[in-house]
*Asks:* 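Could you have a look at this structure, given as structure tokens, before my questions?
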Amino acid sequence: MNKYTMIAPKISKMPWQDAPEGNRNTPLWRYSENPIIDRNPIPGVARIFNSAVMPYGDAFIGVFRGEQTDGIPYIYLGRSQDGIHWDIEHEKIPFVDEEGKPFMPIYAYDPRLVKVEDTYYIIWCQDFWGAAIGMAKTTDFKTFVRLENPFIPFNRNAVLFPRKINGNFVLLSRPSDSGHTPFGDIFLSESPDLVYWGKHRHVMSRGREWWESLKIGGGAAPIETSEGWLTFYHGVSGTCNGYVYSIGGAILDINEPSKVLYRCDSWLLTPEKWYEERGFVPNVVFPCATIHDPDTNRIAIYYGAADSYVGLAFGRMDEIIDYIKDHSQTTFDDTDIGRR
Ligand code: BMA
């Protein structure tokens, strides 16, 4: 019997592996065959990481951050039968404008992929005279039409909620600056049409426990549950030897998601394995997507590891929610509506 309810489409072939024996200290565990995408996965691309996947038909589809051999990131499409082994297309996603003319970003990274109603949206970071959020839509994964950039620079780590709330699209984002930002909090904005954005609200700030004291940013699209929106995000600690990126968890109010109901004071996953601690940027676990099944309440989290690989972690929703509740510490800044 599931303790809590997940509201999401059923998954016929949920990627899954049972938890290993022994103390894990958190409700998540890693896939034993990680990383699921190794270096040099396709010609001209040295590393794939920070990527988002979702169910599509009776299989899976994804948008992948591919770091080309000249160091410039782009987004590539990939498909999988089992959610674990991925065929990545060798050409970049060919974005077009509303007239169908090629309209490629100068660079594109950290894509998220979210279905709202009958349309799939890709949201990423790109240049707009500074780091900013790019967005495109597709219904068939053949034609990818770019939308107006939702915000002026500087902003990153944007992700849509998987349904409209009170009639509007809702987007989490993290305003900051253009570089390797040493600060940043999560905000939320609404739009009736994905063109005009407003009703901006503060969701939560960095600076609580040490593991997330430098900056935080949205990760996977929030999961609708009976307890609220279950949200996996990244939190960053500044050490004497550089940044450390961990995965955190929070639960947001279902109708007013700028209100944080529960926020876990401990990380859910932090770099521990060789593919997380060693790579192009060491000590990074960076969540961008989940696949989650409402029948079994199983959740698979896809995360970038050390800016070099894709990793997969598993957890049971009930255990994750209980862990977040048991370790929850919120401040007024978290729980209020976020308007000043
Ligand atoms: C952030 C983003 C991520 C990256 C992380 C660690 O600023 O650029 O893409 O994974 O840094 O390098």
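Read the numbers this way: they start at 1 and go in the same order the structure lists the ligands and their atoms. What you see below is based on every heavy atom in this structure, not just the backbone, and it leaves out hydrogens, waters and symmetry mates.
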*Asks:* Is it true that Glu256 and Lys259 make a salt bridge, defined as a side-chain N closer than 4.0 Å to a carboxylate O?
*Replies:*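 Between Lys259 and Glu256 there is a salt bridge, with a charged N closer than 4.0 Å to a carboxylate O.
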*Asks:* Centroid-to-centroid, Tyr109 to Trp124, below 6.0 Å?
*Replies:*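 Between Tyr109 and Trp124, the centre distance exceeds or equals 6.0 Å.
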*Asks:* For Val281, take its heavy atoms, then give the atoms of ligand 1 lying under 4.0 Å from any of them.
*Replies:*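 Near Val281, the atoms of ligand 1 are 12 (O).
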*Asks:* Which residue supplies the protein heavy atom nearest to atom 8 (O) of ligand 1, what is that atom called, and how far is it?
*Replies:*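 Here the nearest protein heavy atom works out to Tyr109 CE1, 4.0 Å.
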*Asks:* Within a distance under 4.0 Å of any heavy atom of Arg65, pick out the atoms of ligand 1 and give their elements.
*Replies:*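 This gives 9 (O) as the contact atoms.
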*Asks:* Enumerate the atoms of ligand 1 whose separation from the nearest heavy atom of Asp307 is less than 4.0 angstrom.
*Replies:*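 Reading through ligand 1 atom by atom, the close ones are 4 (C), 6 (C), 10 (O), 12 (O).
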*Asks:* So, for Cys264 and Glu212, which heavy atoms are closest and what is the spacing to 0.1 Å?
*Replies:*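 Shortest heavy-atom separation between Cys264 and Glu212 comes out as O-OE2, 4.3 Å.
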*Asks:* Compute whether any side-chain donor of one residue and acceptor of the other, for His200 and Ser189, lie under 3.5 angstrom apart.
*Replies:*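 Present: a donor and an acceptor within the cut-off.
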*Asks:* Considering only the protein, which heavy-atom contact is closest to atom 3 (C) of ligand 1, and what is its distance?
*Replies:*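 That would be Asp110 OD2, 3.2 Å.
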*Asks:* What is the closest protein heavy atom to atom 11 (O) of ligand 1, and at what distance does it sit?
*Replies:*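 Going by distance alone, atom 11 (O) of ligand 1 is nearest to Tyr245 OH, 3.0 Å.
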*Asks:* Provide the number and element of each atom of ligand 1 under 4.0 Å from a heavy atom of Asn50.
*Replies:*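 Within the 4.0 Å cut-off of Asn50, ligand 1 contributes 3 (C), 4 (C), 9 (O), 10 (O).
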*Asks:* Does NZ or CZ of Lys137 lie under 6.0 Å from the centre of the six-membered ring of Tyr121, at an angle within 45° of the ring axis?
*Replies:*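 Checked: cation-pi criterion not met.
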*Asks:* Report all side-chain donor-acceptor pairs from residues 45-56 shorter than 3.5 Å, counting only partners two or more places apart or in another chain.
*Replies:*
unit_1	atom_1	unit_2	atom_2	d
Arg47	NH1	Asp307	O	2.7
Asn50	ND2	Asp110	OD1	3.0
Ser51	OG	Phe49	O	2.6
Ser51	OG	Arg65	N	3.0

